[in-house]
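Here is the structure we will look at.
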Amino acid sequence: MDSDCIFCKIVAGELPCTRVYEDDDVLAFMDIGPIIKGHTLVIPKVHVDPLTSVPDELLATLIRIVRKIAGAQMKGLEADGINITQANGRVAGQVVPHLHFHVIPRFENDGHSWNWNARPYDSPDEMEGLASRIRSGLPMEI
Ligand code: AMP
Ligand code: ZN
């Protein structure tokens with residue numbers, strides 16, 4: 001546990017939450033600032049951050065629960081669709097530095113739209129150059 005972390009405090013019961021699901025490793029609870037009402041957070045009970053430092057097995061467990069919550073929102077809330085988001089780093093909009101997945105129910109005409117400003121590459125070479133740099137960062141085996 002990180003004593004400065006609000007999500008660790010929620011896991012420890014030192015701060016309240018509205019629980020949706022819990023098991024030995026994972027907690028899912030309602031986001032107090034929902035993008036769309038029903039917006040749920042899925043977190044590991046251990047303090048871990050960012051995504052790149054999560055052990056494979058725990059990540060697999062988390063994403064299984066993310067899928068379950070998404071299904072539950074579709075069934076229980078009759079959501080028409082789901083967005084999953086997960087931020088790493090302040091520059092990416094992360095406010096709470098304890099790994100969490102946002103599971104956001106979407107409804108026809110819910111009024112929300114993402115600020116998704118697609119911008120073109122200057123040239124195919126520029127795109128290939130960036131792909132090459134990403135490839136150079138891949139481990140030998142994934
Ligand atoms: P992020 O910007 O990805 O770090 O998201 C953090 C999320 O945590 C935001 O959507 C907040 O509304 C939510 N949040 C912060 N404090 C609490 C809390 N005490 N209970 C539930 N959700 C919280
Ligand atoms: Zn924490």
Side-chain angles (χ1 to χ4, degrees), residues 1-122 124 126-142:
M1 171 170 176
D2 178 331
S3 55
D4 292 331
C5 172
I6 59 170
F7 287 178
C8 282
K9 287 182 178 163
I10 287 174
V11 170
E14 293 169 14
L15 286 175
C17 76
T18 299
R19 194 171 55 86
V20 173
Y21 171 87
E22 182 170 14
D23 63 28
D24 288 347
D25 303 311
V26 178
L27 176 65
F29 58 100
M30 301 298 273
D31 193 306
I32 45 164
I35 297 287
I36 301 290
K37 290 176 182 175
H39 180 163
T40 305
L41 299 175
V42 177
I43 69 169
K45 287 190 169 178
V46 294
H47 183 87
V48 57
D49 192 70
L51 179 71
T52 45
S53 69
V54 187
D56 284 359
E57 199 178 327
L58 178 56
L59 184 57
T61 300
L62 282 162
I63 204 71
R64 270 202 305 275
I65 302 305
V66 165
R67 182 176 63 181
K68 276 190 197 299
I69 299 298
Q73 289 181 349
M74 297 190 82
K75 192 170 172 191
L77 298 178
E78 298 181 39
D80 301 308
I82 306 286
N83 281 122
I84 310 293
T85 76
Q86 194 277 314
N88 295 274
R90 189 181 48 78
V91 73
Q94 185 180 19
V95 174
V96 179
H98 176 133
L99 177 70
H100 52 281
F101 291 87
H102 297 260
V103 186
I104 303 170
R106 300 302 306 272
F107 302 90
E108 294 292 346
N109 305 313
D110 64 22
H112 180 71
S113 68
W114 298 102
N115 183 23
W116 193 285
N117 293 328
R119 285 173 295 179
Y121 288 102
D122 294 338
E126 184 192 24
M127 184 164 70
E128 174 51 35
L130 284 152
S132 170
R133 288 170 60 194
I134 296 168
R135 287 193 294 265
S136 75
L138 282 173
M140 294 296 282
E141 290 181 20
I142 45 175

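In each ligand, atom 1 is the first atom listed, and ligand 1 is the first ligand listed. Worth knowing before you read on, the calculation uses all heavy atoms, side chains too, and leaves out hydrogens, waters and symmetry mates.
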Task: Ligand-side contact atoms (ligand 1) for residue partner His102, heavy atom cut-off under 4.0 Å - done: 1 (P), 3 (O), 5 (O), 7 (C), 10 (O)
TODO: Report yes or no: does Glu126 contribute a side-chain atom to a donor-acceptor pair with the main-chain N or O of Asp122 at less than 3.5 Å?
DONE: yes
- [ ] Starting at CZ of Phe7, measure out to CD1 of Ile43 and round the result to the nearest 0.5 Å.
- [x] 6.0 Å
Open item on the list: Closer than 3.5 angstrom, by distance alone: can the side chain of Arg106 be matched with the main-chain N or O of His112 as a donor-acceptor pair?
Closed with: yes
Task: For the student: nearest non-hydrogen atoms of Gly38 and Gln73, plus distance - done: O-NE2, 3.1 Å
TODO: Return the name of the atom in His47, of element N, O or S, nearest to the Zn ion (ligand 2).
DONE: ND1
Open item on the list: How large, to 10°, is the angle at the Zn ion (ligand 2) when you draw lines to SG on Cys8 and to SG on Cys5?
Closed with: 120°
- [ ] Could you tell me whether Phe7 approaches ligand 1 through its side chain, its backbone, both or neither, with non-hydrogen atoms closer than 4.0 Å?
- [x] side chain
TODO: Give a yes or no on whether Asp23 atom CG has more than 12 heavy-atom contacts from other residues, nucleotides or ligands under 6.0 Å away.
DONE: yes
Task: His98: its N/O/S atom lying closest to the Zn ion (ligand 2) (atom name) - done: ND1
- [ ] Give a yes/no verdict on whether any heavy atom in Gly93 is under 4.0 Å from an atom of ligand 1.
- [x] yes
- [ ] Identify the protein heavy atom lying closest to atom 1 (P) of ligand 1, giving its residue, its atom name and the separation to 0.1 Å.
- [x] His100 NE2, 3.1 Å
TODO: Report the part of Ile10 in contact with ligand 1, treating N, CA, C, O as backbone and CB onward as side chain, heavy atoms under 4.0 Å; options are side chain, backbone, both, neither.
DONE: side chain
TODO: Return yes or no for this condition: an N or O of Phe29 is under 3.5 Å from an N or O of ligand 1.
DONE: no
Task: Nitrogen or oxygen of Ile32 less than 3.5 angstrom from that of ligand 1 - done: yes
Open item on the list: Counting non-hydrogen protein atoms only, what is the nearest one to atom 12 (O) of ligand 1? Give residue, atom name and distance.
Closed with: Asp31 OD1, 2.5 Å
- [ ] Just let me know how Gln86 lines up against ligand 1, side chain, backbone, both or neither, with a heavy-atom cut-off below 4.0 Å.
- [x] neither
TODO: Please indicate whether any nitrogen or oxygen in Ala87 is less than 3.5 Å from any nitrogen or oxygen in ligand 1.
DONE: no
TODO: Find all atoms of ligand 1 within a distance of less than 4.0 Å from any non-hydrogen atom belonging to Gly33, and give their numbers and elements.
DONE: 12 (O)
- [ ] Give the numbers and elements of all ligand 1 atoms closer than 4.0 Å to a heavy atom of Val96.
- [x] 4 (O), 6 (C)
Task: Heavy atoms of other groups near Lys68 NZ, more than 12 under 6.0 Å - done: no
Open item on the list: To the closest 0.5 Å, what do you measure between OG (Ser3) and CD (Glu14)?
Closed with: 9.0 Å
- [ ] Could you grab the distance from atom CD1 of Ile32 to atom CZ of Phe29, nearest 0.5 Å is fine?
- [x] 9.0 Å
Task: Atom CE of Met127: over 12 foreign heavy atoms under 6.0 Å - done: no
Open item on the list: If we set the cut-off at 4.0 Å for heavy atoms, which region of Thr85 has an atom near ligand 1: side chain, backbone, both, or neither?
Closed with: neither
Open item on the list: When you measure from the side chain of Asp80 to the backbone of Glu108, do you find a donor-acceptor pair of N or O atoms at a distance under 3.5 Å?
Closed with: yes
Task: Aromatic centroids of His100 and His98 separated by under 6.0 Å - done: no
Open item on the list: Need the ligand 1 atom indices (1-based, order shown) with element for anything under 4.0 Å from a heavy-atom of Val95.
Closed with: 1 (P), 2 (O), 4 (O)
Task: Sub-4.0 Å heavy-atom approach of Ile6 to ligand 1 - done: yes
